[in-house]
Every structure is written in structure tokens, then in C-alpha cells.
Amino acid sequence: MERTLVLVKPDGVQRGLCGEIIHRLERRGLKLVAMKLMQLDDVTAREHYREHVDRPFFGGLVSFITSGPLVAMVWEADGAVEIVRGTMGTTDPGKAAPGSVRGDLAVNIGRNVVHGSDSVESAEREIRLFFSAEEILTYSRDSDPWIIEP
Ligand code: IDP
Ligand code: MG
């Protein structure tokens with residue numbers, strides 16, 4: 001089953017939006033398989049965002065993402081990466097569709113409250129960076145036949 005990494009970024013935690021964001025992903029039908037509250041160190045933050053190392057916003061992004069606690073989660077579904085990206089909305093909240101997390105809860109690209117992996121390959125790399133194998137649980141969900149056609 002496809003998995004993706006979701007972060008409620010430090011702005012989302014400070015603004016009390018963890019429950020709201022988790023609620024939206026749960027209602028969508030994705031399955032939560034790992035979750036923890038943590039504060040990123042500089043090295044992990046730089047590794048997580050390594051594709052952006054040469055961008056002008058990189059320094060600000062690393063200091064923001066390490067500035068306070070975040071909630072890291074792994075969510076599972078067929079097509080989890082694309083489903084979460086859709087529920088999150090586009091990177092710039094000013095352009096994000098109403099109804100998406102960023103389109104409903106944010107106004108600024110540097111404070112866009114949520115992260116979701118952008119490909120299956122990124123998801124695998126990012127999940128390994130945030131979670132050990134034992135922290136990712138396998139369990140059955142009685143509601144599955146009502147969410148996924150068997
Ligand atoms: P994504 O989070 O939608 O995948 P990316 O392009 O991977 O977007 O950028 C990672 C994060 O870097 C964004 O979520 C945003 O917080 C920040 N970011 C991206 N572009 C800018 C920018 O132009 N100014 C400030 N921050 C930016
Ligand atoms: Mg990205």
C-alpha cells in the first residue's frame with residue numbers, strides 16, 4: 001500500500017490546527033499508520049528539504065521548520081501521495097483551491113501549515129528520515145469495506 005509523509009508544520013501546531021488537519025485526512029479515508037510530536041534538528045531539516053538547498057528561501061525554511069514542535073505522520077492509501085497533495089492544496093496558499101487545507105487555513109507561502117511528500121520516491125525517503133520501521137504500524141480497519149471497494 002502506498003504511503004506518504006505528512007507534517008503539521010510548527011505554524012500549524014502553534015495555531016492549534018493539528019486536529020483540523022488530521023480530521024480532514026481521516027474523513028478523506030486515508031489510514032493513519034504512524035504519528036509523533038517532535039522538534040526537528042538542523043541536520044534533519046536540511047536533509048528533509050535538500051532539494052531546495054540552493055533556493056533563496058532555504059535558510060528561512062530550515063529555521064522555520066526547526067523553530068518549534070511539529071506533528072509527523074505517515075498516511076496510507078492507494079495513491080496516498082496524490083490524494084494528500086490534493087487535500088493539502090498548492091504550495092502557495094494564495095493560489096490554493098478553497099476547500100484544501102492551504103486554501104482554507106493559510107495565506108502565506110512561508111507559513112503554509114502542512115507538508116506532504118511530492119512523489120512515491122520522496123515519500124519513501126522522507127518516511128525513513130522521520131520514522132523507524134517499528135514506529136509504522138500494520139493493522140486492519142473495520143471501516144475499510146466502506147471506504148475501499150473490496
Ligand atoms: P510543497 O511544500 O508544496 O511540496 P516545495 O516547493 O517543496 O512545496 O517547497 C517546500 C516548502 O518551502 C514550501 O511548503 C514552503 O513552506 C517553502 N517555500 C517554497 N517556495 C517558497 C518561496 O518562494 N518563499 C518562501 N517559502 C517557500
Ligand atoms: Mg515539496
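Heavy atoms only: backbone and side chains are in, while hydrogens, waters and symmetry mates are out. All ligand and atom numbering here is 1-based and tracks the order in the structure.
For atom 12 (O) of ligand 1, the closest heavy atom belonging to the protein is L61 CD2, 3.4 Å. The protein non-hydrogen atom at the shortest distance from atom 23 (O) of ligand 1 is F57 CD2, 3.8 Å.
A salt bridge links E47 and R50; the closest N-O separation between the charged side-chain nitrogens and carboxylate oxygens is under 4.0 Å. With respect to D42 and R46, a salt bridge is recorded, a charged nitrogen being found less than 4.0 Å from a carboxylate O. A salt bridge links R24 to E20: at least one charged side-chain nitrogen sits closer than 4.0 Å to a carboxylate oxygen.
In K36, the NZ atom is crowded: over 12 heavy atoms of neighbouring residues, nucleotides or ligands sit closer than 6.0 Å. Taking a 6.0 Å sphere around NE2 of H23, one finds it holds 12 or fewer heavy atoms contributed by other residues, nucleotides or ligands.
Within the model, atoms OH of Y49 and CZ of F64 stand 7.5 Å from one another, a figure rounded to the nearest 0.5 Å. With rounding to the nearest 0.5 angstrom, the CZ atom of R111 is 11.0 Å from the CD atom of Q14.
Residue nearest to atom 2 (O) of ligand 1, selected from R102, R55, E51, H52: R102 (by heavy-atom distance). Distances from atom 8 (O) of ligand 1 to the heavy atoms of T91, V114, I109 put T91 nearest. Of the listed options D92, N112, D118, V113, N112 places a heavy atom closest to atom 13 (C) of ligand 1.
Residue Y49 touches ligand 1 through its side chain alone, judged by heavy-atom distances below 4.0 Å. Contacts between R111 and ligand 1 below 4.0 angstrom, taking non-hydrogen atoms only, are absent altogether.
Every atom of ligand 1 with a heavy atom of K9 under 4.0 Å away is listed here by number and element: 13 (C), 14 (O), 16 (O).
Taking 4.0 Å as the cut-off, R85 counts as a neighbour of ligand 1 on heavy-atom distance.
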